[in-house]
Amino acid sequence: MATKTINVDMLAKMFLAGAQNIEAKKEYINELNVFPVPDGDTGTNMSLTIMAAAKEVTALENPDMKDLAKAVSSGSLRGARGNSGVILSQLLRGFTKSIRENKEIDVQGLAAACARARDTAYKAVMKPKEGTILTVASGIADKAAEMAQETDDLEAFLPAVIEHAEEVLKKTPDMLPVLKEAGVVDSGGQGLLEVIKGAYDAFLGKEVDYSAIAPKASVQVTKLSAQDTADIKFGYCTEFIILTEKEFSDEQEKDFKGYLSSIGDSIVCVADDDVVKVHVHTNDPGLAIQRALTYGQLSRMKIDNMREEHQEKLIKDAEKLAASEAAKDGAKESEGDGKKSDEPRKPIGFIAVSIGEGLNDIFKELGVDYIIEGGQTMNPSTEDMLNAIDQVNADCVFILPNNKNIVLAANQAKDLVEDKEIVVLPTKTVPQGITAVINFMPDASVKENEEAMLEGIRNVKSGQVTYAVRDTHIDDKEIHESDIMGIGDAGILAVGRSVEETTKDLLSQLVDEDSELISLYYGEEVKEEDAQRFIAEIEGIYPDVDVDAHYGGQPIYYYVLGVE
């Protein structure tokens with residue numbers, strides 16, 4: 001019997017299943033990333049984006065289509081991280097705009113929604129590039145339109161669209177040479193495919209594990225009380241994986257669960273052949289670990305003190321409440337006597353994304369109002385940007401993303417703000433961000449400052465030194481896991497086994513006869529004495545160029561370089 005429509009309950013199930021599928025496949029998608037840098041990869045960013053929306057959906061009670069559409073669109077927009085996450089959020093935004101007025105969706109409605117999703121995502125990207133997630137989205141829209149003319153049966157429509165999406169994904173290496181060189185398909189396109197495959201599983205009635213999607217709790221402020229933490233019977237949230245030498249039998253699973261029940265609660269013990277995932281709340285994590293060791297080796301061990309976390313949360317809630325009450329009191333006083341706020345609204349403020357303690361301090365010294373910690377290893381979300389904007393009391397706020405994978409999220413936040421002028425400077429590296437702030441002129445207009453800072457950015461050549469997390473072949477270079485890479489603005493410029501030698505190789509390609517300044521920021525993994533010795537060596541190699549060195553404190557990146 002043909003299935004001709006999807007109602008709101010089924011669509012919600014399909015969306016959550018799609019979210020769960022990409023969450024489960026995110027590491028596989030991460031492995032498809034062409035650049036072997038240790039960063040917030042595509043799978044992680046897409047998963048965090050859609051899971052933010054999924055938690056909004058699970059919090060709904062008896063939603064209609066408009067409620068569901070709003071939860072998916074708003075959740076993904078605010079949770080969007082990285083370019084892939086922002087594009088996914090735009091796809092979801094376009095899709096939900098198309099279906100929100102419907103009670104049920106048929107093939108014509110799905111085809112129209114797929115087309116609007118594609119168009120919305122393409123508009124969000126300034127320079128759309130084929131061979132990416134956009135290409136797969138376009139292929140889905142084209143096939144959906146074609147199938148809508150041939151059938152009204154969703155059981156024929158959906159698998160045909162998915163099959164075509166797979167075919168388009170396979171062709172992405174032919175559209176982007178960098179994919180072909182690395183021997184992979186586009187990771188963003190793969191992520192989108194996993195979303196629709198998961199949704200199709202739910203449509204078919206397959207059982208889906210939604211455990212990773214917890215309902216979003218409503219915001220509450222709790223008064224601090226010594227009794228609160230006493231209500232937590234078992235204080236340590238303990239998680240680990242057991243790697244057994246042979247299949248974990250049903251009898252072993254039953255016995256182990258019985259033991260865990262004797263020392264704790266909230267027990268999850270899931271076996272998949274020779275891998276066992278364990279979660280338990282207990283007052284003695286050591287007992288759980290000791291028993292687990294009798295079955296095999298342990299991996300991914302994680303122990304959190306829930307009482308401590310709860311206490312910290314209560315303190316933070318109390319601080320928020322106190323701040324809120326103080327703000328209300330201040331507002332009342334201001335209304336009553338006409339006094340101005342202690343910190344009057346200023347014309348221009350700054351937000352910068354930073355990646356280390358030392359670099360945070362540098363930005364603060366240069367007058368940046370708000371630092372978002374994140375960057376390469378964890379891209380801030382649109383919600384993080386919006387929270388930062390809210391904290392800066394200025395008519396105009398300049399945002400310095402300092403990472404090319406954060407620019408789209410910053411622009412998305414800009415589009416959601418109505419009470420302030422937001423200018424996103426497209427800084428793709430920390431040295432560019434620092435140079436931009438240095439070029440700020442307090443007495444100049446917003447437009448004059450934007451032009452001056454953009455000009456400063458254009459005069460900076462940036463470099464970053466880190467290690468490879470996977471084997472790959474890119475930019476005509478054979479790269480192996482743990483190799484040291486020197487990355488410039490246009491790609492990987494140097495590869496070696498030594499941090500210092502690779503850094504010198506990178507610098508040799510950045511410094512030219514017109515260079516006047518080398519800014520060098522060393523990371524947390526570089527010892528102070530080693531950094532000072534290396535800086536002296538650089539000064540000897542480039543005697544006619546000023547060398548300005550600072551502790552950046554950034555993780556993973558041994559050296560961050562700016563050459564002007």
Side-chain angles (χ1 to χ4, degrees), residues 13 16-31 41 43-44 46-48 50-52 54-55 57-59 194 197-198 201-202 204-217 227-314 378 469:
K13 288 179 181 177
L16 293 176
Q20 179 57 35
N21 197 45
I22 196 170
E23 166 68 15
K25 305 285 179 59
K26 64 184 177 185
E27 292 303 331
Y28 163 65
I29 296 166
N30 285 343
E31 288 300 315
D41 281 336
T44 300
M46 293 183 76
S47 175
L48 288 169
I50 200 169
M51 292 300 274
K55 289 175 181 178
V57 170
T58 57
E194 298 302 340
K197 278 185 171 181
D201 283 343
L204 293 176
K206 293 183 180 179
E207 188 174 338
V208 178
D209 177 13
Y210 298 113
S211 60
I213 305 172
K216 184 176 181 180
Q227 183 64 30
D228 288 318
T229 56
D231 293 336
I232 300 176
K233 184 177 180 182
F234 297 103
Y236 295 95
C237 176
T238 307
E239 295 179 306
F240 51 82
I241 289 175
I242 308 173
L243 304 174
T244 64
E245 295 183 359
K246 57 184 179 180
E247 185 176 345
F248 199 65
S249 68
D250 292 341
E251 189 64 29
Q252 286 176 315
E253 183 176 341
K254 181 180 178 182
D255 290 344
F256 190 43
K257 283 182 177 177
Y259 176 74
L260 293 176
S261 297
S262 72
I263 63 168
D265 63 9
S266 299
I267 295 157
V268 176
C269 179
V270 181
D272 182 12
D273 295 332
D274 56 353
V275 176
V276 186
K277 171 69 176 177
V278 179
H279 171 279
V280 61
H281 292 174
T282 178
N283 285 327
D284 196 336
L287 293 177
I289 290 170
Q290 287 173 18
R291 177 60 68 94
L293 284 168
T294 65
Y295 297 110
Q297 298 182 50
L298 301 189
S299 174
R300 300 188 185 179
M301 289 180 285
K302 181 172 174 284
I303 301 172
D304 294 320
N305 184 333
M306 294 187 294
R307 293 188 179 98
E308 183 179 80
E309 289 177 349
H310 187 60
Q311 191 82 358
E312 288 177 357
K313 180 182 183 302
L314 293 175
M378 177 54 73
V469 295

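The structure displayed is predicted, hence computed values, not measured ones.
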Closest heavy-atom pair and its distance - Thr238, Pro285: OG1-CB, 3.6 Å
Side chain Glu31, main chain Tyr28, donor-acceptor under 3.5 Å: no
Counterpart residues, side chain to side chain contact (heavy atoms under 4.5 Å, CB included), relative to Lys197 (two or more places apart): Asn21, Ile162, Glu166, Leu193, Glu194
Contacts of Lys254 that satisfy side chain to side chain contact (heavy atoms under 4.5 Å, CB included) - sequence neighbours left out: none
Check: Lys257 main-chain N/O paired with Ser261 side-chain donor or acceptor under 3.5 Å: yes
pair Ile241-Val278: side-chain heavy atoms closer than 4.5 Å: no
Residues forming a ring-ring contact (aromatic ring centres under 6.0 Å, His included) with Phe240, sequence neighbours excluded: none
Nearest heavy atoms of Asp255 and Tyr295, plus distance in Å: CB-OH, 4.5 Å
Value rounded to 0.5 Å, distance of CE in Met51 from CD in Glu23: 4.5 Å
Gln252 CD to Thr294 OG1 distance, which is reported to the nearest 0.5 Å: 8.5 Å
Sequence-distant partners of Ile263, side chain to side chain contact (heavy atoms under 4.5 Å, CB included), two or more places apart: Tyr259, Leu260, Thr282, Leu287, Ala288
Donor-acceptor pair, side chain of Asn283 and main chain of Tyr236, under 3.5 angstrom: no
Any pair counted as salt bridge (charged side-chain N to carboxylate O under 4.0 Å, His left out), so long as it reaches residues 235-244, sequence neighbours left out: Glu239-Lys302
Distance (rounded to the nearest 0.5 Å) between Leu293 CG and Gln290 CD: 8.0 Å
Exercise: identify the closest heavy-atom pair between Ala292 and Leu298: CB-CD2, 3.8 Å
Residues which pass side chain to side chain contact (heavy atoms under 4.5 Å, CB included) with Leu204, listed by chain and number, not counting sequence neighbours: Tyr200, Lys206
Heavy-atom closest pair, residues Gly198 and Ala17: O-CB, 3.2 Å
Test log, rule side-chain contact (heavy atoms from CB on, under 4.5 Å), inputs Ile303 and Ile289: CA-CA 11 Å; Ile303 301 172; Ile289 290 170; 4.0 Å; yes
